[in-house]
Structures are given as C-alpha cells and as structure tokens.
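Atoms within each ligand, like the ligands themselves, are counted from 1 in listed order.
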Amino acid sequence: MKLLRLLGPIALMALLLLATGCERKVVYESKESSALTSCFTCHGDADSRLIQAEGEYDNSVHASGNNVDYTNRRSCGRCHSDNGFLDYLATGADKAPYDHPAAIHCFTCHAPHTSGSLALRTTAAVTLANGDTFDHGEGNLCASCHQARMGANAIDTDDYEITSNRWGPHHSMQADILNGSNCYEIEGYTYEKSTHATQVPNACIGCHMANPQVHDGYKIGGHSWNMIDEETGSDLSSVCTGCHTTAEDYNYDNIQTDVVAMIDTLREQLVDFGVLAFSQGEYLPNVPTDDTLTIADKNVAGTLFNYLMIEGDRSEGVHNPAYVRSVLANSIAYMNSVMIGKRRYGPIASH
Ligand code: HEC
Ligand code: HEC
Ligand code: HEC
Ligand code: HEC
Ligand code: HEC
Ligand code: HEC
C-alpha cells in the first residue's frame, strides 16, 4: 500500500486495472469509506451521478468563486475557499495567504481519491459562536461555514461600543437561525422555537439538496443548493408539501409576508433611533467614520444584532418560523417601549 501511495494516480489506475480487471463496486449507495479499489467505481462509462452533480454544481453560488479573493485576508479563507477550509479542518488554524486560492468545489466536501468513497470530509457537530451546539447529521458540513461569526452573548454591557459598520454576525448565520440559537434574548420576554432542524433529515441537505429527479435543468436542488430559480421562479416547494400538505409555496402560513413586514418595521425603528443607516448600498450599523457608535442600552444593541441576523439569513422565517416570529415581535415591542416621545410602530404581526 505504501508503494501504491507513492505512485501517481494514472500509474495507480493502470496497476489497479491489471490487478482487479474491470471489477465495479457501487460506492454511491454505501457511502462507506473503502479502499480505492478501482477508478472505474466512479469514473466508469455509465456513471451518470457524477455528471448530474457536475451539472447542478455549475449553477451554484459555491462554484461562482464570488468573494474567493477574500481568501488571503486572514480569518476569511476558512469559509471562502477550498484551501482555507481544508487547512482549517486539518489544523484548526488559518494558513492564508495562498498562491492559488480556489473556490469551493468537489474536493472541498468529498475526498474520493483519499477515501475511495464519496463520504463527506466532515460531519462533526459544530459549536456556534454563542457556545450552542449544532448537531444535525450531514447538515453539520454546511454549518461549518454557514454560522454567525459573533455570539449575541458578547453584548453584555450598557454603553456598548461599536467601532466598525461591519460589526455583527456576518452573512452566514443560517445554522444559528435553523437551530433556534444566537439571537439576542431580552430578559422577561418569551421565545419560541420551531423544530425544522430535527424534523428535516440532515437539516440543510434535506431541503437544499432535495431533488430525487432533476428539476428545472439542474438550476435548483441537488448540488446547485438553490431553493429557487430566480429567472423562472420555479422552486422546490414540493419538499414542504411532504410535511405541510396544504403548502403551495415557501410562504406557507404567510411566514415570509409576515417576516418581511416585521423586518421593515424593525429597520424603520432602528433608523429612527439612530443606530442603523443606509450606506454603501445597504443598511449597516450607524458608525461615524473613524469613530465609535455607543449604544446606551445594551438591549437596543441586541435588537440591532437581531435585525442583522434575521435579515441576513434570507429565508424570511422559513428556517425557523416560531423563533424568527418571536425574536422580531419582541424586538419591535422593546423598541416601541424605549422610543418614548418618538413615533411608535405597530400593529405587530404575531401568532
Ligand atoms: C469514490 C469515487 C472516485 C474514485 C474511486 C476515483 N475518483 Fe477521480 N474523481 C471523483 C470525483 C467526485 C471527481 C470530481 C469530478 C469533477 O471534477 O467534476 C474526480 C475527478 C478526477 C479527475 C479530474 C481531476 C480534477 O481536478 O477535476 C481525475 C484525473 C481523476 N478523478 C482520476 C482518478 C483516478 C486515476 C482514480 C483511480 C486511482 C480515481 N479518480 C478514482 C471521484 C472518484
Ligand atoms: C464562518 C465562515 C465565514 C467566515 C470566517 C467569513 N465568511 Fe464571508 N460568508 C460566509 C458565508 C457562508 C457567506 C454566504 C452567506 C449567504 O450567501 O447567505 C458569506 C458571504 C460573504 C460575502 C458576500 C455577501 C453578499 O451579500 O454577497 C462577503 C463580501 C463576505 N462573506 C466577506 C467576508 C470577509 C471579508 C471575511 C473575513 C473578514 C469573511 N467573509 C469571513 C462565511 C464566512
Ligand atoms: C458544499 C459541499 C459539497 C460540494 C462542493 C460537493 N458535494 Fe457532492 N455531496 C455533498 C453532500 C452533502 C452529499 C450528500 C447528499 C445527500 O445525502 O443527498 C453529496 C453527494 C454526492 C454524490 C452522491 C453520493 C451518494 O452516495 O449518492 C455525488 C456523486 C457527488 N456528491 C459528487 C460531487 C461532485 C462531482 C462535486 C463537484 C462537481 C461535488 N459532489 C461537490 C456535498 C458536496
Ligand atoms: C467551505 C465553506 C462552505 C461550506 C462547507 C458550505 N458553504 Fe454554502 N456558501 C459558502 C460561501 C462562502 C458562500 C457564498 C459564496 C459567495 O458569495 O462568495 C456560500 C453560498 C451558499 C448558498 C447560496 C447563497 C446565495 O447567495 O444564494 C447556498 C444556498 C449555500 N451556500 C448552501 C450550502 C449548503 C446547503 C451547504 C452544505 C451542503 C453548504 N452551503 C456548505 C460556504 C460554504
Ligand atoms: C420533515 C417535515 C417538514 C418539512 C420538510 C418542512 N416542515 Fe415546516 N414544520 C414541520 C413541523 C413538524 C412544524 C411544526 C412544529 C414546529 O413549529 O417546529 C413545522 C412548522 C412550520 C411553520 C410554522 C407553522 C405555523 O403554523 O406557523 C412554517 C411556516 C413552516 N413549517 C414552513 C415550511 C416550509 C416553507 C417548508 C419547505 C421549505 C417546510 N416547512 C418544510 C415540519 C416540516
Ligand atoms: C425547511 C427547509 C430548509 C432547511 C432545513 C434549510 N433551508 Fe435554507 N432556505 C430554505 C428556503 C425555503 C429558503 C428561501 C428561498 C427563497 O424564498 O428565496 C432558504 C434560503 C437559504 C439561503 C439564502 C439563499 C437562497 O437560496 O435564497 C441560504 C444561504 C440557506 N438557505 C442556507 C441554508 C443552510 C446552510 C441550512 C442549514 C444550516 C439551511 N439553509 C436549511 C429552506 C431550508
């Protein structure tokens, strides 16, 4: 075996062909890590699964390489590149800069030429920034990157200081929201949680990769990870129907309409209060240039954090309907209570 590992893959292929003939073994179904017995277990002339995965992947945002240029900034690469993720998995450290930063691709999540199977590189449980555990099967792979970069529990004092308009959870909080974790909870208020994380098999994967039959020419589901084809509007709401028989689209029980309306209300309150402002094409913490934004009341800072969490999640409540509804309703109610003498907002959609 030592000798084999020293040889290049092509020499290895020739050697294995001699040794094993045309033996084929279906590894897709077993997903078990097995010895690399034959290249043709995956690269045979009839292996449509790889072709399908490639076709779908080409339509994904992962394949786009958007933002891969951030890789060589320390602390960004572990999620924004193949190189960074693999080094982070192996060592727990950020090894940037790289000469050839690469987008997320097949070998970021699979290591077929090492393991001889299409098993995932990691399915280890993930500790979120606030200390909560995310442990939902193969969805743990996604949570390794799609997690907030800041814990709400860091907001622990009044006169809370914010020194950058990039303050907050980052764009990657989907695992936190799905888990019902890491929004700022105000003392004395009640919070509810939905159970999609445990109900849907393998969490993220059960929705975003659900696609037994190819839909919409590789544009949604499977390795495209898209829930919606922006061009045609076609979606994967058949996933929802499996559990919610009357769902016609993602807006089941008006979740998305209600959540978008509540996000709008909270945004207006935070702008009115002076802690959120429109700049560089988006709403960001209102930090004066080269200065500090000091928020007297830590609960207002927490509410600002919640706005960034729920707006950034982008599922408009679907990831965790009950949690998102209660966090938004409580945040809006709290802002109303402190905006004495200012315009009050309501009515608040609640269930
Ligand atoms: C367990 C499945 C599996 C086995 C076994 C396997 N491969 Fe692969 N191989 C893959 C996958 C998945 C890809 C990525 C496909 C793609 O690039 O779209 C790949 C890609 C490749 C590529 C293209 C490299 C690239 O960067 O895209 C080569 C060359 C290759 N394999 C050679 C081999 C050889 C030689 C063997 C036998 C020693 C082998 N493979 C065994 C799954 C496998
Ligand atoms: C913990 C993983 C992680 C780290 C670390 C990380 N990001 Fe991200 N980032 C993501 C994920 C996941 C997304 C995509 C989320 C989405 O599309 O909803 C993203 C999205 C982005 C976007 C695109 C936003 C958009 O709307 O298109 C930018 C820009 C970005 N990150 C910059 C950075 C920079 C700069 C750093 C380092 C200072 C960094 N990221 C560190 C995970 C991370
Ligand atoms: C972001 C992570 C990720 C990337 C990138 C990725 N995959 Fe996958 N792949 C997965 C996950 C997760 C599954 C399991 C899906 C499931 O259980 O339905 C999977 C399953 C597969 C399967 C089916 C395995 C089986 O047992 O049925 C094939 C084939 C496959 N991937 C090939 C590829 C190829 C080829 C590429 C590159 C074009 C690729 N993957 C890129 C995460 C990834
Ligand atoms: C190595 C880190 C990493 C892993 C693992 C990962 N992602 Fe991503 N994902 C990203 C980054 C970074 C982006 C944003 C790409 C960009 O805009 O630069 C992204 C983008 C996406 C998008 C597109 C968002 C949009 O803008 O429309 C979806 C959907 C997504 N990921 C789902 C998943 C799922 C589901 C899994 C698990 C199977 C997964 N991701 C695994 C890092 C990762
Ligand atoms: C595997 C089963 C399953 C799938 C798939 C599923 N859900 Fe759910 N969902 C549940 C269960 C169980 C509840 C009720 C308990 C709870 O709140 O967690 C629920 C609750 C909800 C709620 C809140 C219910 C209410 O009355 O307000 C909404 C909204 C929702 N789901 C939307 C969706 C959407 C949209 C999809 C598809 C993207 C989806 N669900 C996919 C199981 C599922
Ligand atoms: C219950 C099904 C379900 C689960 C589970 C789920 N998602 Fe989603 N996700 C959705 C839906 C539906 C949307 C919103 C699609 C729309 O309306 O644009 C969405 C939106 C997103 C987006 C925004 C980009 C986009 O495609 O609109 C990202 C990124 C994302 N999800 C990642 C994840 C990750 C990572 C996980 C696991 C931590 C996950 N999702 C779990 C259903 C799900």
Considering non-hydrogen atoms of the protein only, which is the closest contact for [atom], and what is the distance?
atom: atom 35 (C) of ligand 2; value: Tyr70 CD2, 3.4 Å
atom: atom 13 (C) of ligand 2; value: Ser172 CB, 4.3 Å
atom: atom 23 (C) of ligand 2; value: Asn67 ND2, 3.3 Å
atom: atom 38 (C) of ligand 2; value: Cys76 SG, 2.7 Å
atom: atom 17 (O) of ligand 2; value: Arg314 NH1, 2.8 Å
atom: atom 15 (C) of ligand 2; value: His171 O, 3.4 Å

For ligand 2, find out whether one of its N or O atoms is nearer than 3.5 Å to an N or O atom of His170.
yes

Please indicate whether any nitrogen or oxygen in His80 is less than 3.5 Å from any nitrogen or oxygen in ligand 2.
yes

Taking non-hydrogen atoms only, is [X] closer than 4.0 angstrom to ligand 1 via side chain, backbone, both or neither?
X: His43; answer: side chain
X: Cys106; answer: side chain
X: Ser115; answer: neither

From Thr41, Leu50, Asp58 - option closest to atom 12 (C) of ligand 1 by heavy atom:
Leu50

Minimum non-hydrogen distance to atom 14 (C) of ligand 2, winning option of His146, Arg166, Gln147:
His146

Check [X] against [Y] and note the closest heavy-atom contact, atom names and distance.
X: Tyr160; Y: Met150; answer: OH-CE, 3.6 Å
X: Ile220; Y: Met227; answer: CG2-C, 4.1 Å
X: Ala129; Y: Gln147; answer: N-OE1, 4.4 Å

Is atom 8 (Fe) of ligand 1 less than 2.8 Å from an N/O/S atom of His113, whether that atom is in the backbone or a side chain?
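Looking at His113, which is the residue asked about, there is an N, O or S atom under 2.8 Å from atom 8 (Fe) of ligand 1.
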
Is atom 25 (C) of ligand 2 less than 4.0 angstrom from at least one protein heavy atom?
no

Atom indices of ligand 2, in the order listed, that fall short of 4.0 Å to a heavy atom of [X]:
X: Cys79; value: 1 (C), 2 (C), 3 (C), 4 (C), 5 (C), 42 (C), 43 (C)
X: Ser75; value: 5 (C), 41 (C)
X: Cys145; value: 1 (C), 2 (C), 12 (C), 42 (C)

Side-chain atoms of residues 285-296: list all donor-acceptor pairs with protein atoms under 3.5 Å, sequence neighbours left out, distances to 0.1 Å.
unit_1	atom_1	unit_2	atom_2	d
Asn286	ND2	Gly274	O	3.0

Could you say whether the N/O atoms of [X] and ligand 5 ever approach to under 3.5 Å?
X: His244; answer: yes
X: His196; answer: yes
X: Ser194; answer: yes

Students often mix this up, so state it plainly: with edges at 30° and 60°, are the rings of Phe305 and Trp167 parallel, tilted or perpendicular?
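Judged by the thresholds at 30° and 60°, the geometry between Phe305 and Trp167 is perpendicular.
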
Mind checking whether Tyr334 and Tyr189 have parallel, tilted or perpendicular rings, split at 30° and 60°?
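Rings of Tyr334 and Tyr189: perpendicular, as their planes differ by over 60°.
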
Do Asp258 and Arg325 meet the salt-bridge criterion of a basic N to acidic O distance under 4.0 Å?
yes

Quick check: does Cys243 put an N/O/S atom under 2.8 Å from atom 8 (Fe) of ligand 5?
no

Go through ligand 5 atom by atom and flag the ones less than 4.0 Å from a non-hydrogen atom of [X].
X: Pro321; result: 21 (C), 22 (C), 23 (C), 28 (C), 29 (C), 30 (C)
X: Val239; result: 5 (C)
X: Ile255; result: 29 (C)
X: Gln199; result: 1 (C), 12 (C)
X: Asp253; result: 25 (C), 26 (O), 27 (O)
X: Tyr252; result: 28 (C), 29 (C), 30 (C), 32 (C)

Are the aromatic ring centres of Phe107 and His113 under 6.0 angstrom apart?
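Ring centres of His113 and Phe107 closer than 6.0 Å.
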
Establish, for the pair Arg267 and Tyr283, whether the NZ or CZ atom is under 6.0 angstrom from the six-membered ring centre and no further than 45 degrees off its axis.
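Because its charged atom sits under 6.0 Å from the ring centre and within 45° of the axis, Arg267 does stack over Tyr283.
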
Determine, for Tyr323 and Lys193, whether the Lys NZ or Arg CZ falls below 6.0 Å from the six-membered ring centre while staying within 45 degrees of the axis.
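Yes, a cation-pi geometry holds between Lys193 and Tyr323.
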
As an exercise, identify every atom of ligand 1 less than 4.0 angstrom from a heavy atom of [X].
X: Gly116; result: 1 (C)
X: Ser117; result: 1 (C)
X: Cys42; result: 1 (C), 2 (C), 3 (C), 4 (C), 5 (C), 42 (C), 43 (C)

Does [X] come within less than 4.0 Å of ligand 1, judged by its heavy atoms?
X: Phe107; result: yes
X: Ser38; result: yes
X: Glu54; result: yes

Heavy-atom contact check, 4.0 Å cutoff: does Gln174 meet ligand 2?
yes

Would you compute the distance between atom CG of Asn179 and atom NE2 of His319 and round it to the nearest 0.5 angstrom?
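So the gap between those two atoms works out to 12.5 Å.
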
Please answer whether the main-chain N or O of [Y] pairs with a side-chain N or O of [X] as donor and acceptor at a distance below 3.5 Å.
X: Asp158; Y: Asp297; result: no
X: Asn226; Y: Gly221; result: no
X: Asp94; Y: Ser75; result: yes
X: Asp82; Y: His105; result: no
X: His208; Y: Trp225; result: yes
X: Asp229; Y: Lys219; result: no

Without hydrogens or angle criteria, can the side chains of [X] and [Y] be said to hold a donor-acceptor pair below 3.5 Å?
X: Ser237; Y: Asp249; answer: no
X: Asn153; Y: Tyr184; answer: no
X: Asp135; Y: Asn140; answer: yes

Contact region, Thr195 to ligand 5, non-hydrogen atoms below 4.0 Å, reads both

